[in-house]
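One structure is given here, and the rest of the page talks about it.
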Protein chains: 2
Amino acid sequence: MEMYLCFDVGGTNLKSAIITNEGTIIIKRSVSTQTEKGVTGVIHQFQEIRDVLCRKLAIDAKEIHAVSVGIPGFVEMEKGFVTRAINLGWENVSIADMVTDALDYPVFIINDANAAALGEMWKGAGNGHEQMVCLTLGTGVGGGVIANGHIINGTHGLAGEIGHSCVRMKGGRPCNCGKKGCLETEASASAIGYYGEQAARNGQSTILAKKWQETGEITSKDVAEAASQGDSAAQKVLDTAAYYLGLALANMYTITAPSRIVIGGGAAAAGDLLFAPVRKWFDYFVFADVKGTDLIVPAALGNDAGIIGLAKLADMKYTSSSMSNL
Amino acid sequence: MEMYLCFDVGGTNLKSAIITNEGTIIIKRSVSTQTEKGVTGVIHQFQEIRDVLCRKLAIDAKEIHAVSVGIPGFVEMEKGFVTRAINLGWENVSIADMVTDALDYPVFIINDANAAALGEMWKGAGNGHEQMVCLTLGTGVGGGVIANGHIINGTHGLAGEIGHSCVRMKGGRPCNCGKKGCLETEASASAIGYYGEQAARNGQSTILAKKWQETGEITSKDVAEAASQGDSAAQKVLDTAAYYLGLALANMYTITAPSRIVIGGGAAAAGDLLFAPVRKWFDYFVFADVKGTDLIVPAALGNDAGIIGLAKLADMKYTSSSMSNL
């Protein structure tokens, strides 16, 4: 049995786990990411966490075979290089080499949404699907594209950024990426909350207006709840998000033709209130040969998708590097 | 030196060649495709052509190492299976096995636009780019998507059908695929001709109106010529096609992030009259990190892209199958 030490580095939380080559989480832990201390600060956290986890499991650090790190940004996987991770404040960092120097393991890195895609492929809703796409609808829209069982990383690690495909040619909201009308500004959990708040402010939805007066904000969860109570404005917000998701996914389909599309993240909690219109609009936009298939499913692993995918990455890379040493 | 026998099967012409593993075309030949005789008729043509080419080169048929076939339709490469090739009238055909039975070689098959993509990657405008996309703007819009040097084939061979990505959400023309507003109906050579003819009929372009009265039709070449003479309606037709190409390519970029995008086919002959606005609109729609790069280039191999790509496919597959026999 191999054991892998996995770090899912978020802008807020640093999740970690030791996971077997069969995907069993032996131990996990979450701490605040000390982004203010820069790259070396985070690597120092890795060392501390490694020591804590090994002590708790009463194992020697040498029993860990490899380290896998998920990063919210553009990652050149083969080079072990982060081009840019805005929420961490990292730019052009040879993170894999730095972690190897500090911890003395083989180190593999991957974009966080790509890790979630691998996790869902291995142990979740994409199990058995080597042609797969995974979207995470949270603050932004993360994406991971898998062909023949491997993540498509692309030039400078820019593949899988489906959240920045343009779905509103005119009149879209400004996106963090510098463009307008990205899928992210129309169909992320934040976007659904934003349009729900608009419906509350405009008096289109009594339920959302009441919620907004109580709490001062509207989340995608509030929109889903209002929709489930038959609120037509809330249903319209979900249907519009679904329209843009259906369009982007149908066009994505023409590129890689996956056999499974997995959607996770906060907004996916709306369930069929979101998935039914997403499937409807996907069928509307996708070319005729694909209609009627049941491609689009909810993610299954929740918050563990990332760390489980990190273990899968480590296992694929560690096994292939061991093989090449034979 | 290995020699491969390559067949690029079109609805009208059946192109063939014997090509070395270094990409040198030793001999080539083109005949009319006898589609009316069905699959077996075409395979019979393969046999005849093989005999003719071998006789002309004074080589024994056994000196050919493998056969590679390009097909205008949905091709499951690993299975050697054609799901559907409308222009040939083929549906659910195990073509690779049938050709092996008839000719007694290892046989590899691929979609024709995918073959052109491999050709451009190997010996053309995509040379050295293992992350690449190739579009062919002809009667339709063919596409090939390459990641890590290999064609992405997708479920049921449906990957790379970028021509059927939806670029006009409302008001698009009907496409052969059964949908409306596909890239193919807005930016193929035929589409450019169609919109040029509209400009002639509506009296928006004197140059195109004159041409139309003379010949009864407007081709993409006519539109390019009128545009080069400063005809603003013709320039508008090219700019509109470029708008949709730029949009589709920018959104494609978010999926696989290629380092090169090659555009060929009849419409590409317009040169910078088309490429300049395509690059402009691509930069407009693509997310900010990509702007300013010189990704989009004209194809270099012309009509030979397909057969050269077929030789590349044969070489990749033949070499890897020989390796696995070691």
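What's counted below: heavy atoms across the whole structure, side chains too, no hydrogens, waters or symmetry copies. Everything numeric here is computed off the predicted structure, so don't read it as measured data. Order of the sequence lines sets the chain letters (A, B, ...), proteins ahead of strands, with each chain counted from 1.
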Spacing of B/L295 atom CG and A/T155 atom OG1 [to the nearest 0.5 Å] | 7.5 Å
Look up atom CD in A/Q131 and atom NE2 in B/H156, then write down how far apart they are to the nearest 0.5 Å.
-> 11.0 Å
Region of B/L247 in contact with chain A, defined by heavy-atom distances below 4.5 Å = side chain
Taking it one step at a time, do A/Y253 and B/E161 satisfy side chain to side chain contact (heavy atoms under 4.5 Å, CB included)?
-> CA-CA 8 Å; A/Y253 191 93; B/E161 292 291 332; over 6 Å; no
Leading residue by heavy atom contact count with chain A [cutoff under 4.5 Å; candidates B/L158, B/N153, B/V133] = B/L158
Looking only at A/G160, A/G163, A/C175, most heavy-atom pairs under 4.5 Å shared with chain B are made by A/G160
Over 60° means perpendicular and under 30° means parallel, so classify the ring planes of A/F287 and B/F74, tilted if in between.
-> tilted
Any chance you could measure B/L183, atom CG, to A/T254, atom OG1, to the nearest 0.5 Å?
-> 8.5 Å
Side chains of A/K179 and B/Y284: does their closest heavy-atom pair fall under 4.5 Å?
-> no
B/N251 (side chain) donor-acceptor with A/S165 (main chain) under 3.5 angstrom | no
Going through the distances and angles, do A/T256 and B/I255 end up as a side chain to side chain contact (heavy atoms under 4.5 Å, CB included)?
-> CA-CA 8 Å; A/T256 66; B/I255 314 292; 3.9 Å; yes
Which atom names give the shortest non-hydrogen contact between A/A257 and B/A159, and what distance separates them?
-> CB-N, 3.4 Å
Please assess B/M252 against A/M252 for the test side chain to side chain contact (heavy atoms under 4.5 Å, CB included), listing each intermediate value before the final yes or no.
-> CA-CA 7 Å; B/M252 173 281 299; A/M252 173 282 300; over 6 Å; no
